[in-house]
Amino acid sequence: MNSDVVFLVAEECVRLGLRAGAVVFRGVRVGAAPPELRSLIQEEVAAVRRRHAGPAEVRSSPDVVRFQELLRKVGANPRRDPPSLERLLLFALKRGGLPAINALVDAYNLVSIRYGLSLGAHDLDRVAAPVSLRLFTGGELFTPLGRAEPEPVTPGEYGYVDAGGRVLCRLDVLQADFSKVTEATANAVLIIEGTEGHAPEVFRDARAEVVALVTRFCGGTAELVTP
């Protein structure tokens with residue numbers, strides 16, 4: 001992907017109730033999360049556990065319900081394929097932490113549970129511009145994270161697709177393997193997704209915090225590329 005990075009949100013997704021923007025990070029150094037970042041995560045996990053007495057409270061929280069409703073609108077089953085926010089909150093509740101992937105991923109997962117949004121990053125040098133949030137036609141190629149073989153996508157579901165027709169993320173549920181952020185990643189595009197029920201200042205504050213965290217713990221520079 002070159003310097004003419006473009007991130008698009010199809011009008012059909014806006015009408016559905018989705019809201020999304022992106023940040024491009026360049027020149028990052030991705031390694032394990034340092035103790036300082038893990039400490040910040042633990043503080044936020046403790047706050048999650050104070051807010052939610054159990055799984056039922058997580059699943060009925062307003063931000064989670066908004067994502068569940070979007071999934072139902074496109075025929076997905078949020079009990080079978082729960083939104084990423086729900087899965088992170090339940091992980092925090094049950095395990096007392098968040099998955100330890102790497103500093104960049106761990107930073108945006110922290111922001112996700114703090115602001116009730118769905119965040120995901122992709123290796124910028126492995127995707128082709130433009131990256132679009134749109135409804136699937138059924139002809140897209142999708143190899144989920146951790147798998148070697150592609151699987152079909154359901155027409156009418158939403159997701160992120162690059163210019164080569166490759167799915168970067170199905171719904172906000174499952175990311176692709178080819179674009180995952182690893183220690184070899186030098187440039188990344190991070191997508192911040194919410195719903196029409198999320199206030200604009202929530203997006204603004206989440207974006208500011210994830211930029212601060214990623215540049216603090218991974219270095220590099222940040223560039224806003226919202227449509």
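As the structure is a prediction and not an experimental result, all values here were calculated from the model.
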Worksheet item: Is Phe7 linked to Leu16 within one hydrophobic cluster, defined over Ile, Leu, Val, Met, Phe, Trp and Tyr using a side-chain heavy-atom separation of less than 4.5 Å?
Response: yes
Worksheet item: Once you round to the nearest 0.5 Å, how far does CZ of Arg66 lie from CG of Leu85?
Response: 10.5 Å
Worksheet item: Minimum heavy-atom separation for Val23 to Ala222, with atom names?
Response: CG1-CB, 4.0 Å
Item to complete: Kindly determine whether Tyr158 and Asp172 satisfy side chain to side chain contact (heavy atoms under 4.5 Å, CB included), including the steps that lead there.
Response: CA-CA 8 Å; Tyr158 59 86; Asp172 67 304; 3.7 Å; yes
Item to complete: Calculate, to the nearest 0.5 Å, the distance between atoms CZ and CZ belonging to Arg126 and Arg166 respectively.
Response: 8.0 Å
Worksheet entry | Shortest non-hydrogen separation from Ser61 to His52 and the atoms involved | CB-CE1, 3.9 Å
Worksheet item: Taking only residues two or more places apart in sequence or in another chain, which ones pass side chain to side chain contact (heavy atoms under 4.5 Å, CB included) with Ala46?
Response: Arg50
Discussion item. What verdict does the side chain to side chain contact (heavy atoms under 4.5 Å, CB included) test give for Leu93 and Glu57, after you've listed the backbone C-alpha separation in whole Å, the side-chain angles of each residue and the deciding distance to 0.1 Å?
Written reply: CA-CA 11 Å; Leu93 195 66; Glu57 285 77 9; over 6 Å; no
Item to complete: Look at the side-chain heavy atoms of Ile, Leu, Val, Met, Phe, Trp and Tyr, link any pair under 4.5 Å apart, and say whether Phe91 and Val48 land in one connected group.
Response: no
Discussion item. With a 4.5 Å cut-off on side-chain heavy atoms, are Asp177 and Arg147 touching?
Written reply: no
Worksheet item: Do Leu98 and Val45 come close enough that some side-chain heavy atom pair is under 4.5 Å?
Response: yes
Fill in: Aromatic ring pairing Phe67/His198, orientation class (parallel under 30°, perpendicular over 60°, tilted between)
tilted
Practice prompt. Kindly give the heavy-atom pair with the smallest separation between Gln175 and Cys169, and that separation in Å.
Written response: CG-SG, 3.9 Å
Practice prompt. Please check if the side chain of Arg87 supplies one atom and the backbone of Val173 the other of a donor-acceptor pair under 3.5 Å.
Written response: yes
Discussion item. With a 3.5 Å distance limit and no angle check, can you tell me whether Asn187 reaches the backbone of Gly27 through a side-chain donor-acceptor pair?
Written reply: yes
Fill in: Straight-line distance of Arg114 CZ to Ile41 CD1, nearest 0.5 Å
10.0 Å
Worksheet item: If every non-hydrogen atom of Ala32 is compared with every non-hydrogen atom of Glu183, which pair is closest and at what distance?
Response: N-OE2, 4.2 Å
Discussion item. I need the minimum non-hydrogen distance between Ala107 and Leu37, along with the two atoms involved.
Written reply: N-CD2, 4.2 Å
Worksheet item: Which heavy-atom pair separates Leu104 from Ala121 by the least distance, and what is that distance?
Response: CD2-CB, 3.7 Å
Discussion item. Is there a continuous path of hydrophobic side-chain contacts, each under 4.5 Å between heavy atoms, that joins Val65 to Leu89?
Written reply: no
For residues 127-145, which side-chain N or O atoms pair as donor and acceptor with protein atoms under 3.5 Å away, sequence neighbours left out?
{"unit_1": "Arg134", "atom_1": "NH1", "unit_2": "Glu140", "atom_2": "OE2", "d": "2.7"}
{"unit_1": "Arg134", "atom_1": "NH2", "unit_2": "Glu140", "atom_2": "OE2", "d": "3.4"}
{"unit_1": "Thr137", "atom_1": "OG1", "unit_2": "Gly139", "atom_2": "N", "d": "3.2"}
{"unit_1": "Thr137", "atom_1": "OG1", "unit_2": "Glu140", "atom_2": "OE2", "d": "3.1"}
{"unit_1": "Glu140", "atom_1": "OE1", "unit_2": "Thr137", "atom_2": "N", "d": "3.4"}
{"unit_1": "Glu140", "atom_1": "OE1", "unit_2": "Gly138", "atom_2": "N", "d": "2.9"}
{"unit_1": "Glu140", "atom_1": "OE2", "unit_2": "Thr137", "atom_2": "N", "d": "2.8"}

Discussion item. Just verifying a value: how many Å separate Leu117 CG and Ser84 OG, rounded to the nearest 0.5 Å?
Written reply: 9.5 Å
Worksheet entry | side chain to side chain contact (heavy atoms under 4.5 Å, CB included) between Val28 and Val181, intermediate numbers included | CA-CA 11 Å; Val28 294; Val181 170; over 6 Å; no
Practice prompt. First locate atom CG of Leu171, then atom CG of Leu71, and finally report the distance between them rounded to the nearest 0.5 Å.
Written response: 5.5 Å
Worksheet item: Between Arg19 (side chain) and Val14 (backbone), is there a donor-acceptor pair under 3.5 Å?
Response: yes
Fill in: Gap separating the CZ atom of Arg170 from the OH atom of Tyr160, nearest 0.5 angstrom
14.0 Å
Fill in: Side chain His122, main chain Ala176, donor-acceptor under 3.5 Å
no
Fill in: Pairs involving residues 102-112, ordered by first then second residue, that meet side-chain hydrogen bond (donor to acceptor under 3.5 Å, both in side chains) (sequence neighbours left out)
Arg38-Asp106
Item to complete: Using the side chain to side chain contact (heavy atoms under 4.5 Å, CB included) rule, take Arg26 and Leu124 through it: C-alpha gap first, then chi angles, then the decisive distance, then the call.
Response: CA-CA 9 Å; Arg26 298 187 187 279; Leu124 192 59; 3.7 Å; yes
